[in-house]
J.: 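Handing you a structure now.
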Amino acid sequence: MFGLAKGLKYTLKNMTRKKLTYDYPNEPLPLPDRFRGIQKFYPEKCIVCNQCANICPTDCITLTGKKHPDSSKRGKIIDTYDINFEICILCDLCTEVCPTEAIIMTNQFELAEYSRDELFKDLVWLDENDTQLRRENKA
Amino acid sequence: MSEKDKEQLKKEAAEKARAAAQRKREEREKKKEKSNDSASEMPQTTEDVTSNQDLEKQKAAAAAKAKAAALAKKKAKEAEGTETEPTANQDLEKQKAIAIAKAKAAAAAKRKAKNANENGDSEKAKAIAAAKAKAAAAAKAKGKITQAKETEVSEPITPSPQQPILDRYLNIVKEHYKDDILEDSYINRMSKHVPTIVVKLEHYYSLALLFKQHSGLHFEFLSELHGTDFETYMEIYVHLYSFKNKQSVALKVKMDRENPRVDSIASIWPGANWPECEAYDLLGIQFTNHPDLHRIMLGEDWVGHPLRKDYEPYDVEV
Amino acid sequence: MIRTEEMLLNVGPQHPSTHGVFRLVIKIDGEMIIDAKPVIGYLHRGTEKIAENLQYTQIIPYTDRLDYLAAMTNNYVLCHAVETMMELEIPERAEYLRIITMELGRIASHLVWWGTYLLDLGATSPFLYAFREREMIINLLNEISGGRLTFNYMRVGGVKWDAPDGWIEKVKAFIPYMREQLAGYGDLVTGNEIFLNRVKGIGQYTKEEAMDYSLSGANLRCTGLAWDLRKNEPYSIYDRFSFEICTADTGDAWGRYQVRIQEIEQSLRILEQAVEQFPETGEVMGKVPKVIKPPKGETFVRIESPRGEIGCYIASEGKKEPYRLKFRRPSFYNLQILPKLLVGQNMANLIAILGAIDIVLGEVDG
């Protein structure tokens, strides 16, 4: 019986401790800066090097480029950029390889939708996703 | 190295040799124009090419040889670690055969050239000689490959610390079997120097039993068992460990790819039961005398074995 | 004489006490189990097949999803295999970061086991306490890697991030806190008579049986065999730390419980030393070729994960992708002994035996 009494003491001691739970949807969840959330994309920074699409382990990024409208400039600019969040695993490899930091992670993780089609995010959506940006993007 | 890569390499080597011969021919032509020399004596054998007084030719040949040797070295390097693969040997054999054929062809061409009109043919004959030289160089290079390979095997950089342990295993195996039951045995340096033994298919079970029961080996712990499809054959890899002797060994067995069948070792180590089921499920390897062989991951109605390299996904609904 | 009849009972695949999608078909005679057949594969995702078409860096996120309670060790075993093949040098600081994160992961994993096992046995509050402490570890790992479960932290040749400012201090502060809680756990559960009656002598096997069935980790050490790869075949820099191999000699669920609780303490010891020795400065990424191409050949390495011996076999053709990748998944091997343990046992002990093995279904099914 002694063991039970000792256990009860521990329980009672814990009743006075500070509450540790979060009041989550009512209050935003505190997350560290490095947290890997939904990506933010900067179309103007992108040089269409295709590295993010190549490194993606699930092949969820599709992009196309077009010729620079200013014919005096070389290189390409981005035309379309889509991430399929049905299969994206937010592994952070796309932001790791990006040479210009055109794609970065944010601290947002809420992606619930009523339809699968809505999980297909395009360039405009990813560009407008500009809250809670990650400050530190390169290791 | 896949067959394709080898083909590519061979092609490249041929290309290089051809280019070298071409250069030689051009140089010779230039020289001929200068000195206005008449047709020189045709060398009788390929060896005579080098004894020819034509220095230029010798130099070119030497260069070609050096190139070929370098290539051979490179090839040998690539062949290192693939010694166990029969394809490497076959490939060498093939290369040799090709070299011989080339030499023969060159000789035939030479004979033809001799029969033809001497005056107008000196140029052609020279080209033939060059071709012959090329063939000789190639043949020598091939010889070097085999040589290089042999030296690579016979003199490891530093003897592995695990070598005495492997020798001990081999001695025990020799004591128990009259004939040679091993296909190969080596130290796998890439895998933390683990002694690796490749056993012939029919002796797999009995050797496994010996490994468990012999007091000098006493591998009571099966750490890992899995199969691999190497396209020309199937392989079972078993990693064993002995807590008593604090030693490990990798036991491998190769089998026919079309009808892979091997004795189950689940009766020796019950821990091999599920891994064998997994190998059966994903690779289609049949384990005879297995207590309960079933498709453990995918279910009995799955079509095909996914880890085979020629697997095509099958879906009724598509 | 009472007439009895055999009955088939299906447990799972959706059952809270199987900790995942694990199905068990048992034959019972009254309260007695007379036969048991585990059915697995519900979470099989074909990781090994997928990996054959991926570069080594791309495989790392997939390893997170095998043993999702201790993803750091999974990350490590793949990197370690590739590094062994390529004979890469890992910077000192990266090695320490790896050890610290792996040991934190080990504690988190054992805490989940402790909480859920007691939940299986009917005690609710230990689960809450365990997750409270685990949450702190998860937050620490989240800060350094950016993920709470799927860390994707290690890379071939080092780690992705250096520790953020003040992180090491946070780990340092966590160690005494966890020690204190661990003592509390002892008060709460370890001396509890009801709990002891529930686990002593349950699911017992001998050392020989454990070796025969390829058990590893706490399942092997509970039979008295002092076998820990961190000590017996030191990898990384484990040879620099002094810690003990925890064993018990009973070979039952109680022994496994003791081993795991002691292992938390030993992990804290390693953490303490690692934080102390942590180099002030230094690189976290070694000199690695831009495209990782291990030379042609094969390798098999094994390390100690919280659940046992996790191994990684790579057959390489000298290409960017592995020719064959195979994980030796400890839960898969450990689970094999279950039918043997269940036969002849009382129905009520089923969950106590299954829980004590400590399986993660993501790892069983691969």
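Per chain, numbering begins at 1; letters A, B, ... match sequence-line order.
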J.: When only pairs under 4.5 Å are counted, which of C/G184, C/P61, C/G191 shares the most heavy-atom pairs with chain A?
T.: C/G184
J.: Does atom CZ (A/R17) have a neighbourhood of more than 12 heavy atoms from anything else shown, all under 6.0 Å?
T.: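 Yes - once you tally the heavy atoms of other residues, nucleotides and ligands closer than 6.0 Å, there are more than 12.
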J.: Would you mind telling me which of C/V189, C/N152, C/T190, C/D64 has the largest number of heavy-atom pairs within less than 4.5 Å of chain A?
T.: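 Top count of heavy-atom pairs under 4.5 Å with chain A: C/N152.
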J.: Do you know which of C/N192, C/N142, C/L196 has the most heavy-atom pairs with chain A at a distance under 4.5 angstrom?
T.: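 Of C/N192, C/N142, C/L196, C/N142 has the most heavy-atom pairs under 4.5 Å with chain A.
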J.: C/L104 pairs by side-chain contact (heavy atoms from CB on, under 4.5 Å) with which of C/I144, C/I99, C/L141, C/I138?
T.: C/L141
J.: Does CD belonging to A/E86 count more than 12 external heavy atoms closer than 6.0 Å?
T.: yes
J.: Return the OH to OG distance between C/Y323 and C/S316, rounded to the nearest 0.5 Å.
T.: 11.5 Å
J.: Which label fits C/Y257 and C/W254: parallel for a plane angle under 30°, tilted from 30 to 60°, or perpendicular past 60°?
T.: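 Rings of C/Y257 and C/W254: parallel, as their planes differ by under 30°.
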J.: Under 4.5 Å from any heavy atom of chain C, what part of A/N54 do you find: side chain, backbone, both or neither?
T.: backbone
J.: Which atoms of A/T11 are under 4.5 Å from chain C, going by heavy atoms: the side chain, the backbone, both sets, or neither?
T.: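 Both parts, backbone and side chain.
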J.: Does NZ or CZ of A/K40 fall inside the cone over A/Y42's six-membered ring, less than 6.0 Å from its centre and within 45° of the axis?
T.: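 So A/K40 does make the cation-pi contact.
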J.: Closer than 4.0 angstrom, basic N to acidic O: yes or no for A/K67 and A/D79?
T.: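 Looking at A/K67 and A/D79, the cut-off is not met.
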J.: Quick check: under 4.5 Å, non-hydrogen atoms only, which of residues 44-57 of chain C neighbour chain A?
T.: C/L54, C/Q55, C/T57
J.: Tell me, for A/L20 versus chain C, whether the close heavy atoms (under 4.5 Å) come from the side chain, the backbone, both or neither.
T.: side chain
J.: Could you tabulate the donor-acceptor pairs under 3.5 Å formed by side-chain atoms of residues 281-290 of chain C, not counting sequence neighbours?
T.:
none

J.: Given heavy-atom pairs under 4.5 angstrom as the criterion, report whether the side chain, backbone, both or neither of C/Y129 touches chain A.
T.: side chain
J.: Please state whether the side chain, the backbone, both or neither of A/L8 comes within less than 4.5 Å of a heavy atom of chain C.
T.: neither
J.: Would a line drawn from the ring center of C/Y185 to the ring center of C/W114 be shorter than 6.0 Å?
T.: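 For C/Y185 and C/W114, the ring centres are under 6.0 Å apart.
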J.: Regarding C/K170 and the six-membered ring of C/W167, is the cationic atom NZ or CZ under 6.0 Å from the ring centre and inside 45° of its axis?
T.: no
J.: C/I60 versus chain A, heavy atoms under 4.5 Å apart: side chain, backbone, both or neither?
T.: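 The answer is neither part of C/I60.
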J.: For atom CG of A/D23, is the number of surrounding heavy atoms from other residues, nucleotides or ligands below 6.0 Å larger than 12?
T.: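 Above 12, so yes.
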J.: Is it the backbone or the side chain of A/Y22 that comes under 4.5 Å from a heavy atom of chain C, or both, or neither?
T.: side chain
